[in-house]
Amino acid sequence: MAYKKWIIADADKEKASDLSEQFNIDPFIAFMLVSRGIESSADVADFLASSYDFSDPFLLCDMERAVSAIEEAVDYGEKITVFGDYDCDGVTATVLLYTFLKDMGADVDYYIPSRLNEGYGMNKASIDKIKENGTKLIITVDNGISAIKEAEYIYSLGMRLVVTDHHQVGNTLPRAEAVVNPHRAENEIDFRDFSGVGVAFKLACAIYGDTEDMLYQFVDLVALGTISDVMPLVSENRAFVKAGIKLINGNSRIGIDALKKAAGAGNKELTATDIAFTLCPRINATGRVDDAARAAELLISENEEDAVFRAEQINIDNAHRQELEQNIFEDVKLRIAENPGISKNRVIVVCGKNYHMGVVGIVAAKVLEEYGKPTIILSEENGMAMGSARSIDGFNIYEAIASCSDMLDHFGGHPKAAGLGLNTDDVDEFRCRINEYAVSAYPIMPVQSINVDCKISPAFLNVELVDSLSVLEPFGEANRSAVFALMNLRLISVTPMGNGKHIRLECEKKGKSLKISKFRCTADEFPFAAGEYIDVVVKASKNLYNGREYLSLQAADIKRHGNDDDKYFAEKEEYELFVLNKNNSENVYPDREDCSVIYKFLRQKKGWRYGFDELYFALNSVTYGKLKFALEAFLECGLIEYNENDIHICNVSAKVDLMNTPVIKKLKGRLGLE
């Protein structure tokens, strides 16, 4: 995994102390609230409230017109079609509005396009199918705001349209009876970051005339879509998710209960984090690899046996999605290993043949996590390369892609995620141009980071702290799980667990012993040995065993104690700019003494299997660039074999002149050191 920078929060301790006294909350919790920008009495009261006053849905522009158009269609017995989307937000929005309209006696059906065959949003073929079924009114959920041409086509066929969406509003609105979107400038609301299902819920409340009754019927769906679409869990979204979790864990619909059981969480009290990693991916998976309508059918189901069957089928889809995702991820890593220049760029662009379009976005996110850089994964098919992009905080991938818009067939998205398509023949030029943009627009490249709430002594980590943290739930976007930094721990032992796939660390500081789980890391992959000192970022929870509660600590990141992050990232930036011919720093040139130090270390360790970053910090004596180029020189003259993580020492009988290897000679020439 890419090396990350730890950003440890700070807060006004006096202000936190005042809030702790005012609201009778743990001082530590008050400190965390202030560090997260929740510091006024009104904001804290709102955050801690057990109930919430939801905004009037009619404050949303065009809501009255939307209600009037829908009620008119219901009154006249006209066929209504809810047009949804294939992700979890779109599916839950579709189910919510379809179920609500059906319960009020409407002649209603729904249509969810195929991700693989139709793509996102409305298209003429789908509109023709809907027309053939006798529909008079189409209501979009989680899409439609950019469907300018499609809206005109709908009206040309004699149908009408109501748009509900939560995506950004363009310069032109689609023709419609009403366009309900919280991002319209005309709205009279303070909070605008609703999910697609959140907007659909507002519409249902406006038609029904009451929010409280609607919560009991549909807030589980609203919670699922809000969590899945990574909406900020503040204001009304926070209230939706709190109420939705209570319903999901109590008296949720049959389909959600069946999905919980299929996911192995039938008897567990789920948190927002649990829902994000168990239920939401399964609903998304069906839209990725099959037909999202199957997920809608599960959520609509009123028969327990039918729901169990559908949930099991969705579980199979999820397993298939995971297999596809892993296969593509491994292929991408192989391509990067065969062409290391790809990962030296500021933006990683990989194009493979016939990658499954339903999972390339997930793969892009995994590659980003692995290499710490904005990533675009494209699939080549029939002369076109189409795919998805994911980015780190601080690098706007949408703007980067837009800078190359003249060579794209289509593109769209957000600062951290986007989609695009272009001719396969243009991929190499696109890679060059987007990286040129990255260098010019970002003189200093943003880096992956972990936001840490505070450094903490092991003495204060206990079950009571975990209990006090519960007032911060639900955790999610804009209200992340609490994480703490444990500094200068002495590593006592490393024990495999979970059939060797994970490890448990026993650590000690000032007489306090801690056990910390590190998932998806084997003992062989772990770079630290007993007796060494490490810093660990942890998440804290509790486990129940034999009737007793125990503290559970999970490692989010681990570093060698004493690492200089600022030095590392500065030297990495210097090296990457050198590779891109943007500087001529001699700080990347390894002389004989540098090479000797590095090679002696590798010989002493009998190779290295923990990746480049750990080698850099273990040496702690040469710059990032010097180490990179020295390893290239060792490889060229046969001293080592080197892949992504492993360095093997080779037996070389003849004397080797490192200073005459191609890479060193090229460096000398460029730097004028001949």
Side-chain angles (χ1 to χ4, degrees), residues 4-53 190-191 193 227 230-243 245 271-273 393-394 449-489 509-510 512 514 516 535-542 549 551-557 559 561 565-566:
K4 299 179 180 67
K5 187 172 185 175
W6 295 2
I7 301 175
I8 299 176
D10 196 8
D12 185 327
K13 294 181 176 62
E14 186 174 341
K15 186 175 290 185
S17 178
D18 290 343
L19 290 174
S20 172
E21 184 175 347
Q22 180 181 350
F23 289 95
N24 193 29
I25 56 176
D26 188 296
F28 188 72
I29 300 303
F31 175 88
M32 290 180 61
L33 289 173
V34 173
S35 74
R36 295 176 180 212
I38 305 168
E39 54 185 36
S40 73
S41 295
D43 287 344
V44 173
D46 184 47
F47 189 88
L48 298 176
S50 57
S51 60
Y52 193 88
D53 293 328
D190 295 324
F191 182 72
D193 291 325
I227 293 169
V230 200
M231 292 292 102
L233 297 192
V234 296
S235 189
E236 293 191 46
N237 283 348
R238 177 174 169 80
F240 284 146
V241 172
K242 284 182 74 171
I245 291 172
T271 65
T273 303
D393 285 329
S449 61
I450 293 180
N451 291 308
V452 180
D453 285 291
C454 67
K455 297 178 183 178
I456 194 169
S457 167
F460 293 102
L461 276 175
N462 49 45
V463 170
E464 289 73 23
L465 174 63
V466 175
D467 287 336
S468 65
L469 289 172
S470 64
V471 302
L472 300 175
E473 290 274 9
F475 293 122
E477 183 70 10
N479 186 43
R480 54 181 171 74
S481 300
V483 293
F484 309 107
L486 292 160
M487 312 300 288
N488 201 20
L489 301 179
K509 183 177 181 180
K510 295 182 179 179
K512 173 73 173 180
L514 293 172
I516 304 172
D535 300 334
V536 189
V537 167
V538 298
K539 296 182 179 180
S541 58
K542 61 183 181 181
E549 291 181 333
L551 178 69
S552 175
L553 299 176
Q554 304 86 40
D557 201 20
K559 295 181 179 181
H561 180 65
D565 285 2
D566 291 337

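A quick note: this is a predicted structure, and the numbers were derived from the prediction, not measured.
Using a 3.5 Å distance cut-off with no hydrogens or angles, the side chains of Thr271 and Glu473 do not pair a donor with an acceptor.
When atom types are taken as modelled, the side chain of Lys509 and the backbone of Ser457 share no donor-acceptor pair closer than 3.5 angstrom. With hydrogens and angles disregarded, no donor-acceptor distance shorter than 3.5 Å links the side chain of Ser552 to the backbone of Lys542. Here the side chain of Asn479 pairs no donor or acceptor atom with the backbone of Val234 at under 3.5 angstrom. Under a 3.5 Å cut-off, the side chain of Asp193 and the backbone N or O of Met231 do not form any donor-acceptor pair. With hydrogens and angles ignored, the 3.5 Å screen pairs no side-chain donor or acceptor of Asp535 with any backbone N or O of Lys559. With Arg36 contributing its side chain and Arg480 its backbone, the two residues share a donor-acceptor pair below 3.5 Å. Of the possible donor and acceptor atoms, none in the side chain of Ser17 sits under 3.5 Å from a partner among the backbone N and O of Glu14. Asp453 places a side-chain N or O within donor-acceptor distance of the main-chain N or O of Val483, the cut-off being under 3.5 Å.
Glu39 contributes atom CD, which lies 12.0 Å from atom CG of Asp18 (distance to the nearest 0.5 angstrom). Residue Leu465 holds its CG atom at 7.5 Å from CG of Asp26, rounded to the nearest 0.5 Å. Atom CG of Asn451 is separated from atom NZ of Lys4 by 12.5 Å, given to the nearest 0.5 angstrom. Between the CD atom of Glu464 and the CD atom of Glu549 there is a distance of 9.0 Å, given to the nearest 0.5 Å. Here the OG atom belonging to Ser35 is positioned 10.5 Å from the NZ atom belonging to Lys13, to the nearest 0.5 angstrom. Separating the CD1 atom in Ile29 from the CD1 atom in Ile38 is a distance of 11.5 Å, to the nearest 0.5 Å.
In terms of heavy-atom proximity, Leu553 sits nearest to Ala540 at CD2-CB, 3.8 Å. Between Val241 and Ala272 the shortest heavy-atom distance is CG1-CB, 4.3 Å. Taking both residues in full, the closest heavy atoms of Lys512 and Leu461 are given as NZ-O, 4.5 Å, listed atom of the first, atom of the second, then distance. Nearest heavy atom pair, residue Phe23 against residue Ser41, reads CZ-O, 3.3 Å. Nearest heavy-atom pair, Thr273 versus Ser481, reported as atom, atom and distance to 0.1 Å: OG1-OG, 3.9 Å. The shortest heavy-atom contact between Lys242 and Ala49 is NZ-O, 3.4 Å.
Figure legend: cation-pi geometry between Arg238 and Phe47, with NZ or CZ positioned under 6.0 Å from the six-membered ring centre and within 45° of its axis.
Side-chain contact between Pro458 and Lys510 is absent, with no heavy atoms from C-beta onward closer than 4.5 Å. Counting heavy atoms from C-beta on, the side chains of Leu33 and Val44 come closer than 4.5 Å. With a 4.5 Å cut-off on side-chain heavy atoms, Val34 and Leu19 count as touching. You'll find the side chain of Val536 stays beyond 4.5 Å of the side chain of Leu514, heavy atoms only.
Partner of Phe484 under the ring-ring contact (aromatic ring centres under 6.0 Å, His included) criterion, out of Trp6, Phe460, Phe28: Phe28 alone.
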Salt bridge (charged side-chain N to carboxylate O under 4.0 Å, His left out) between Lys5 and Asp566, intermediate numbers included: CA-CA 8 Å; Lys5 187 172 185 175; Asp566 291 337; 3.4 Å; yes
Tyr52/Ser235 under side chain to side chain contact (heavy atoms under 4.5 Å, CB included): CA gap, chis, key distance, verdict: CA-CA 9 Å; Tyr52 193 88; Ser235 189; 3.1 Å; yes
